[in-house]
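Not measured: the values here are computed from a predicted model. Both backbone and side-chain heavy atoms feed into the values below; hydrogens, waters and symmetry mates do not.
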Amino acid sequence: MLASEMMVNHQEKAHALLKADADKILKLIKVQMDNLTMPQCPLYEEVLDTQMFGLSREIDFAVRLGLIDEKDGKAILATLEGELSILHEASQKK
C-alpha cells in the first residue's frame with residue numbers, strides 16, 4: 001500500500017470515528033431528554049458540556065495530526081449542535 005493510500009485510509013477512518021462519536025453524543029442526550037431529565041437540569045447541561053468538550057478536543061487532535069481538515073471538524077461540531085438544538089426545541093414543546 002502506498003503512503004498516500006494509507007494516509008487517505010487514516011483520514012477516512014478518523015472522520016468516521018469522529019462522526020460516530022458525535023452520533024453517540026446525540027443518542028446519549030436524546031435518551032437523557034426522553035427518560036431522565038429536562039434540558040434545564042444541571043445534570044443535562046453538565047453531560048452535554050462535557051461530551052461536547054471531549055469531542056472538540058478529539059477533533060482538535062485529529063486536525064493537528066493532519067487526519068481531518070479544520071473545516072471538516074468544525075462541520076461535525078456544527079451539525080451536532082444543530083441536531084441538539086432541534087432536539088432541545090422539540091423537548092420544549094412537549
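Note: Ser56 OG to Leu80 CG = 11.0 Å, rounded to the nearest 0.5 Å. Rounded to the nearest 0.5 Å, atoms CD1 (Ile76) and NZ (Lys71) are 11.0 Å apart. Here the NZ atom belonging to Lys19 is positioned 10.0 Å from the CG atom belonging to Leu55, to the nearest 0.5 angstrom. The CD1 atom of Ile29 sits 4.5 Å away from the CG atom of Leu48 when rounded to the nearest 0.5 Å. Taken to the nearest 0.5 Å, the CG atom of Asp60 stands 9.5 Å off from the CZ atom of Phe53.
Judged by distance alone, the side chain of Ser85 and the main-chain N or O of Glu81 form no donor-acceptor pair under 3.5 Å.
When all heavy atoms of His10 and Leu67 are compared, the pair lying nearest together is CB-CD2, 3.8 Å. A pairwise comparison of heavy atoms in Gln11 and Ile68 identifies O-CG2, 4.3 Å as the closest pair. The two residues Leu18 and Ala62 come nearest to each other via the heavy atoms CD1-CB, 3.9 Å. The heavy-atom pair separating Leu77 from Met52 by the smallest distance is CD2-CE, 4.2 Å. Closest approach of His15 to Asp72, counting heavy atoms only: CD2-CB, 4.4 Å.
When side chains are defined from C-beta on, Glu83 does not count as touching Leu87, because their heavy atoms never get closer than 4.5 Å.
Criterion: ILVMFWY side-chain heavy atoms under 4.5 Å apart, direct or through other members. Under it, Leu17 and Leu28 are not part of a common hydrophobic cluster.
Taking 4.0 Å as the cut-off between side-chain N and carboxylate O, Asp23 and Lys27 do not count as a salt-bridged pair.
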